Each structure stands twice: as C-alpha cells, then as structure tokens.
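Working notes, beginning with the structure itself.
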Amino acid sequence: MSNEYHAREIEPKWQKQWEQDGIYHAARELPTAKNEAPPRHKRGGIAESAEAIRSAKADKKFYGLIEFPYPSGEGLHVGHPRSYTAIDIVTRKQRMQGKNVLYPMGWDAFGLPTENFAIKHKIKPQDATRKNIANFTRQLKSLGLGFDWSREINTTDPAYYKWTQWMFLQFFKHDLAYKAKTLINWCPSCKIGLANEEAQGGICERCGGTVEKREKEQWMIAITKYADRLLSDLDTVDYLDKIKTQQINWIGKSQGATIDFKIKPTHYSLPTTHSNPIRVFTTRPDTLFGATFLVVSPELAKTWMDAGWKAPRAVSAYIKSALKRTEEDRATTDKEKTGVASGIEAVNPATGKPIPIWIADYVLAGYGTGAIMAVPAHDERDFAFAKKFKLPIVQVVSSPENSSKMTAAFTSEGVNINSDFLDGLATPEAKEKMISWLQKEKHGEPAVTYKLRDWVFSRQRYWGEPIPIINCAKCGYVPVPEKDLPVKLPEVKAYEPTDTGESPLAAIKSWVEVKCPKCGAKAKRETDTMPNWAGSSWYFLRYCDPQNDQTFAAPEKLKYWMPVDLYNGGMEHTTLHLLYSRFWYKFLWDIGAIPKECGAEPYRMRRSHGLILGGGGVKMSKSKGNVINPDDVVAEYGADVFRVYEMFIGPFDQDAPWDTHGIEGVKRFLEKVWRLFSNFHLPSSTFHLPNATETLLHQTIKKVGEDIDSLNFNTAVSALMILANALAESGAEKISRDTAEIFLKLLAPFAPHITEELWRGLGHKETIHLSEWPKFNPKKITAATFELVIQVNGKVRDRISVPSGISAKEAERQALASEKVQGFLAGKKPQKIIYVPGRLVSISV
RNA sequence: GCCCGGGUGGUGGAACUGGUAUACACGCAUGACUUAAAAUCAUGUGCCACACGGCAUGCGGGUUCGAUUCCCGCCCCGGGCACCA
C-alpha cells in the first residue's frame, strides 16, 4: 500500500466497486419467488421472508430522505452536499446497525429556469433537463454518496407525472380542486401567476420583481380545508421547533366570532343580498360595546357597486384607486391610513346605536369576512384611523393607567367597563358571555379563521405537468379519463410565455381541440400547467415503488417504508413544499390511496441545515465571485476531505462560511489516518494501549454514535480527531487490530473511500460499509482517576488527581489538605463544603 | 411592530441536567529536518502582569458555594411574518 494518501486514485475505484456490488440497494420489502435474489452481502437487513419483515418492521427499516434537487444548468452548489452527506452518514450508520435502509435520489425537474434557459438557447427543455441531470449525477457520484440509484425518479418523466395528474383528478373528484376567478399574484417579468407562498411581501420569489394583482380564472386547491389538521398534527411529529413555529404562524389560526351588523333602515339603497347585514370577524367580541364604526375593504365595497349600489362619487373614486394599488404598495406605504366614509350607517347590535360605515384599504379582502368592526380604544390600527378621521373612541376594557384621554390603544386583556352586562368581567369570561349572547340573539356565531389561503395551482407556462381537464361547453370541466393518462406535454416549436396570461400550450390547436369524454362534443383542453410544487408533493411515496405502472406505489410497499424516518431540507421550504406535501399526503391518506397503517403524517422527523456561505459570511453568488465549485474541491482534495470538512465546518443547523484554510486541517487529519493504518502490521502481543487511550476509545464510540444520531456532526469529527491524535501519540505500532478496525468503522460513514481502502488493507474481503457498527463497553468509559477541582469561594485554587470511586469524605479531606487551598483559607474555618461527585469540591469561608 | 434563532480568543467553533470556560481545527510564533523552500514533526498561543495574581462568554442587574447555562431590563446581528382585526 502506498505510503501516501492519494484520494484521486482510490475514490473512483471504490465508487465503481460499490455500484457493481449494489451495496446501497434497499433490500426487497416483500420478496416473492419472482423477485431477483437479494444482494449477496449478508448484513443490511436483507429480507428473508415477508413475515420476518412485517414483524420486525418497526426497528428494521430506515427511510432517510433529502429534498431531491432541481437539476439546474449551474450544477451542484457546495450547499447541496451538506445535506446529502449528513443524511448519508446517518443512513450508513443505520445500515451498519443492521437496518434495511432506503436512501433514494431523484430529480425535481419541472420549472422556470430550465424553460427560460431553453428559450434563450433555442433548445428543448427536455434536452436541457437530460443534460443537467447527467451532470448532477456525475457530480453526486463523485462524492461517494450512498444513494440507491436503482430507485431514481424524475418528475418530468411521463411515467411519473401520470400519477401527479391522477392525484390532481382525485382532488377534483373530491371537490378540493376548483376553478375560481380571483385576484392572483402576477409577475409581469416572469409572465406567470404565483401562489401566495411564492409572492411573499409582494415580491416575486423567482426574479425579485414586484408582483401585480390580476384577475384571472385559476385552478385552486382547497388546502384551507386541512388547515386545522395541518396545525394540530404537528404535535405528533418530531420537527425542529423553528419549523413548527413557522408553520403554525403561516397557518395563522385565530379564534373569535362573526358578528352581523344590520344596515340602518334609512339606507336601503344598498343591495340587500350582498350587504345586509354586514358580517365581520373579530377575535375580541368582548369589545363589541366599543365598536364605534365599521370598515369594509375596497374589494368588498366594489362588489356592492357591481350589484348596483350607487355610491357617492368620492367613494367610487377611492375604491378605484385603492384597487389599483399593488400589494407591495399597500403594505409599505402604511404609515398614513387612507379611507372614505360610505355615507351609510349600521347598527351596533350591543348598543343599538347607529355607527358609520367606512371603506379603507387597511382592511384586507382575503382575510375573515373582508369587513371589520372597529374598536379604536383597543386596536392600534382602528385607533390610528379614528384619530385621523376624528371618529369616536369608547374605552370598554379598563387599562392599569385608566386615563380618560387615551394616547394609544390598549390591546391587552383586562376587565370590562362601559359594557352593560359585561361590566366587571375579565376578558376571557367577557368573550364567552358575549358569544353566547350573540348566539341567543342571533347576532353572531363563534368562528375560527386562518391566514392560510387556498393554493393557486395554475401556471401559464409550458414546462410543467398539463392539468388533465377538458372544458366542454355543455358538461363543464370534465376530467380526462384515467385510461388516457398521462396527458403528455406536446413537443412544440415555440413555448415562449405570452403576455395574454395564457399558457403557450393554448397555441397548439391539434393538442387543445379534443372531444368531450362525456358527451363527445367539441371541447378544449385545459392549457394551464401545474406548479413545480406538484411533483415534489408526493415523490417520497414513489421512491417506495418507483417502477410500478399499475398504481403510484403498491400499498404493501408503502406500509413497509412509510413514514419517512428522517427528512432533511432547507428552511426556505417550510411554508411551501413541506406544508404542501403534508397536505397532499393527508389527502391521499384520507381517500384510502395510502394505507391507514402508514399514519397521518409523512415525515416522522424533520431537520434543517444551515447555508454554506462564502468567505466573510456573505451568500455565495456569481456576481461576488465567491462561488466554490464542488468539482474543484473534489479534484484538489478528494471527496472524503470535502465530506468531512462540510461536516466539521460548524453546527449542522447553522449557516457557516466556507474557509479555504479550514479544509487544510481536515486534509491533514485524513493524511494522519492514512499514516496510522496503511502498512498496518499486527503489534506484538506484549504491546497494549495505555489505559487512558482504551478509555478514550470507548468514549469515542459512544460520542460518535450519539452525535450522528443527533446530527452533531462537527463534534463527532472532533472526537475522531482527538482519538487519532491519541493513537498517533501512543505510537502506530501499539495499535491493536481491534482498535484499528473500530476507528475505521467510526470514520467510515464520514469518509467512505479512505476507510474502505484501509479496511481492505487489513485483509477484509467484504466492504466496511456493511460491517457491524462498534459497541462501547459501558465499564470502560470511566477512567480510573479524575482531576478533582478545588474551589475556594467559587474560584479554582487547585486540581488534584484522585481515584474515580472516591468518597465525599475522602475528597473533602484531600481538598482541605492541599497546600494551595490552605494558603487561601488563611487559617479561617470553612463554613460550607460541597462535593460534586466526579467533579469538584467547593469550599466557602 | 410581532415571532423564532444567535452574540464565547486573531478566525470557524466546544462546554452533560447550574460544576475545571476557550475542546477540536484554522491562523500565528519559535524550534527540528533542509543549501533553501514546501511538506512534516515538536513546543507555545484568551487578555493584563516580571511574578503573586487579576480580568474575561454582547451590556447592566439578580439568584447561587458556584452562571456561557436560570431570572429581570437593555443593545447588536441573522431569519420568518407583517394593517391577519
């Protein structure tokens, strides 16, 4: 074996060998006579019989998942391997512990960048995708990641999107997919409609441009019907807290009541169906006595006008201008509130008094009922509005200061005043009493609202799954019969987006014009395509059974593999992909497409990785010229150094800057490992590891194992470095074969190539990656002696070596006997002595 | 504004459940090897001080024998949401 470590020679060799041996293939879930023989290795939880697997399922399988990448033209970013390597390490350890591991990979390949790239270079998106996937595959394979490539999937493959379309039809059949004319987020530069999630803050997530509102007929999916379960089921899964919090906030559940306000009889110029009574939503029904005016959104007021309300000219002008303002405009220029009095009055059901109705754009059309009761004394926005337009302010909850002249709204809870039958009640009781009064008097109902909106599911672009619906003049929206799926994307010459808001597919007559499957009359295909979140909403199910052409995945395979045991991905997908796919899964589970045994949630555990930043802690970008290309790193240092460095770089869930010097340290570490274990010779039996090193060895087995399980990779690498340093210090010739093998096994998940090479050098015929994960001896993790710290008045004054089993009495005696300690006691008598076993003695005088 | 994170040497970072702050690595310095350099190895490296010792985990308080860790009040950085009634 060479004296020097040459990553470039050994890495491709083993990658080829592993692929040939199929060591990363998940074993068959339910072997039958027809199935090919299981892979030839013995370990790895190979299925012996269907029964054995079924009974052992709970602790025998491990499904590790990373977010499958979008194969962009830029190739792999150094951020991708951080996540992939981390879960690679976890799954490798699981495999060595005897689990049947599924760690698959695929491609989320529909999407705008590819389409734009194809348009620019006048090639087909299909070809660009094929090329990008080939490049990504080469890069991933060069990193020695243990993916089961036999299960590779691709969302743009008709055999895959056939099922995406099938699932859409299930949504349609269960009335969860519907078409609605709504104001949508329209990005004028991308020429595409966006979901709310993609247009946060009025900014297009793709191009960063300003989003406009446009009215358009869109396919929508009623994710809001699942809002409550998406919220409450978070209690049943193990997600990072910040992920749960973000989802909870995004779903935004509010409990309160709807209250109906009748229009004052003198104002029946208002069309009755729309506006009488006016229904509002509030979380503070207890403040109803303080509601001094109503405010409706311009959008709602517009529907009144459309229905025939003859609004004063100033009012219609305000509505017109408010509706023109973009979302962003409305959000950022919020310093000064605008609004207009409608000239109409309603009656406060609690006080019986007339209150004016205002129209203002600080009330949102899409939340609650689009109208509010304004309680200026107890709501900041209403307060600002009332001040500006000199509207009455009536305090109904007493504040601690209880000033007669309020300078700000008092929004906390308190005790009711000026509220008739609510007077003297604390807020929670007042709420309850008011709600029951409203119900009794038929003025209102308890109600819950969510910030979550239905999912805008249409995209007016070419490179996506066609929505499998046919529009017939007579029958309406007719689903494409299942036997005709997939509705394949036609090959087109031009797929440039149009400014008309129609998909490029609309221009292909031969494709669009079809017969209605129901009545046979002339009809038209839906030309919108699905968003790129569609294919990724269920890909983890397809991995369980990727070749199946009868169904998206056989129930018994889903039963075996689901749920995903560990799912890692970026924080940026928390309110998008992660929420969508939970919803999608729940729906399929509800309709019985997924077996009940799989559980109501797709992911048992969800973790997130931090970003890899450029030097100085700024984001990597082409324009800054600080982009690190994984290919260059692999060429210079090899895959193992790259992997170990990315794990050592810092806490996995935090951002970390790439340090071109830092990687040198990891390189030195692996070179040290090579020097220790290459040219390995069996030590003479007279040599033994020093006791301290033996202890360290067992501590390291414990530490590395626990750290991998808890995703603390940086400290696991550190522990391995400490052990390597200790072994180097005691001398390579004193290392026993057992010790060498344990060390290599612990390092194997991190650095699979170098450890395989050294392992085989020890004479092994089988791969290290299916060898057995080492166990530590609990008796050996405690050292024979420890350093007892002695504190006087909280300050460390001495350290002495004492035996591990030392008694409290003896420890205190030795502590007091210390010369240094005596010096600090200066003859005074100790008042208090505390002994912390195995740590310290604290003396106070 | 609200909700999450985070703030520790020159740098990335470590520290169990309140118990030796600064592990591991980078960088730097000195030395060995070399004609020289690189690589490697060895030693040192929080700050102040010759030393005894003192001071240090964003800032100010508190609890405790003992606080990076717990409590109260602030400051700064990153992320999410944002007129959500």
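Reminder, nothing fancy here: chain letters follow the sequence lines and each chain counts from 1. Here the structure is a predicted model, which means the values were calculated and not measured.
Contact check on A/Glu812 versus A/Lys809 returns no salt bridge, with no Lys/Arg side-chain nitrogen under 4.0 Å from an Asp/Glu carboxylate oxygen. The pair A/Asp653-A/Arg607 does not count as a salt bridge, with every side-chain nitrogen at least 4.0 angstrom from each carboxylate oxygen. With respect to A/Lys388 and A/Glu336, a salt bridge is recorded, a charged nitrogen being found less than 4.0 Å from a carboxylate O.
Regarding contacts with the backbone of B/rC55, a side-chain N or O of A/Lys795 is found under 4.0 angstrom from either OP1 or OP2. Between B/rA14 and A/Asn714, a contact under 4.0 Å exists linking OP1 or OP2 to a side-chain N or O. Taking only side-chain nitrogens and oxygens, A/Arg284 never comes nearer than 4.0 Å to OP1 or OP2 of B/rA85. Under 4.0 angstrom from either OP1 or OP2 of B/rG5 there lies no side-chain N or O belonging to A/Lys242. Taking 4.0 angstrom as the limit, A/Arg668 places a side-chain polar atom (N or O) nearer than this to OP1 or OP2 of B/rC26.
Nucleotides B/rA15 and B/rA23, compared at atom C1', are 8 Å apart to the nearest Å. When the C1' atom is used for both B/rC59 and B/rC75, the distance is 7 Å, rounded to whole Å. One P atom belongs to B/rG12, the other to B/rG58, and the distance between them is 14 Å to the nearest Å. Look at the C1' atom in both B/rG78 and B/rG9: the space between them is 22 Å, to the nearest Å.
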- Message: Please determine whether salt bridge (charged side-chain N to carboxylate O under 4.0 Å, His left out) holds for the pair A/Arg813 and A/Glu810, giving the CA-CA distance in whole Å, both sets of side-chain angles, and the decisive distance to 0.1 Å.
- Response: CA-CA 5 Å; A/Arg813 194 191 64 75; A/Glu810 177 62 12; 3.1 Å; yes

- Query: In dot-bracket notation, what is the pairing pattern of RNA chain B, taking Watson-Crick (N1-N3 plus N6-O4 or O6-N4) and G-U wobble (N1-O2 and O6-N3) contacts under 3.5 Å, with [ ] crossing and | for other strands?
  - Reply: (((((((..(((......[....)))((((((.......))))))(((....)))..(((((..]....))))))))))))....

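Residue A/Asp659 has its side chain nearest to B/rC26 when only B/rC26, B/rC55, B/rA85 are considered.
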Side-chain donor-acceptor distances from residues 368-378 of chain A under 3.5 Å, at least two apart:
unit_1	atom_1	unit_2	atom_2	d
A/Thr369	OG1	A/Arg279	O	2.7
A/Thr369	OG1	A/Ala371	N	3.4
A/Thr369	OG1	A/Ala371	O	3.2
A/His378	ND1	A/Phe410	O	2.9
A/His378	NE2	A/Val396	N	3.0
A/His378	NE2	A/Val397	N	3.1

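Looking at A/Ser842, its side chain comes within 3.5 Å of the base of B/rC65 through a donor and an acceptor atom. The base of B/rC41 does not come close enough to the side chain of A/Arg675 for any donor and acceptor atom to sit less than 3.5 Å apart.
As judged by a 4.0 angstrom heavy-atom cut-off over every strand, A/Asn725 is placed among residues touching the sugar-phosphate backbone only. Counting any heavy atom pair closer than 4.0 Å across all strands shown, A/Lys451 reaches a base atom.
Position along RNA chain B of the nearest nucleotide to A/Lys832 versus A/Tyr367 favours A/Lys832 as the more 5'-ward residue. Residue whose closest nucleotide on RNA chain B sits further toward the 5' end, between A/Ser718 and A/Gly794: A/Ser718.
In this structure, A/Tyr5 places its OH atom 18 Å from P of B/rA39, rounding to the nearest Å. If you measure from atom CG of A/Asp653 to atom P of B/rG13, you get 11 Å, rounded to the nearest angstrom.
A/Phe385 and A/Phe389 have tilted rings, their planes meeting at an angle from 30° to 60° on a 0 to 90° scale. The aromatic rings of A/Tyr367 and A/Phe281 sit perpendicular, their planes meeting at an angle over 60°, well past the 30° parallel limit.
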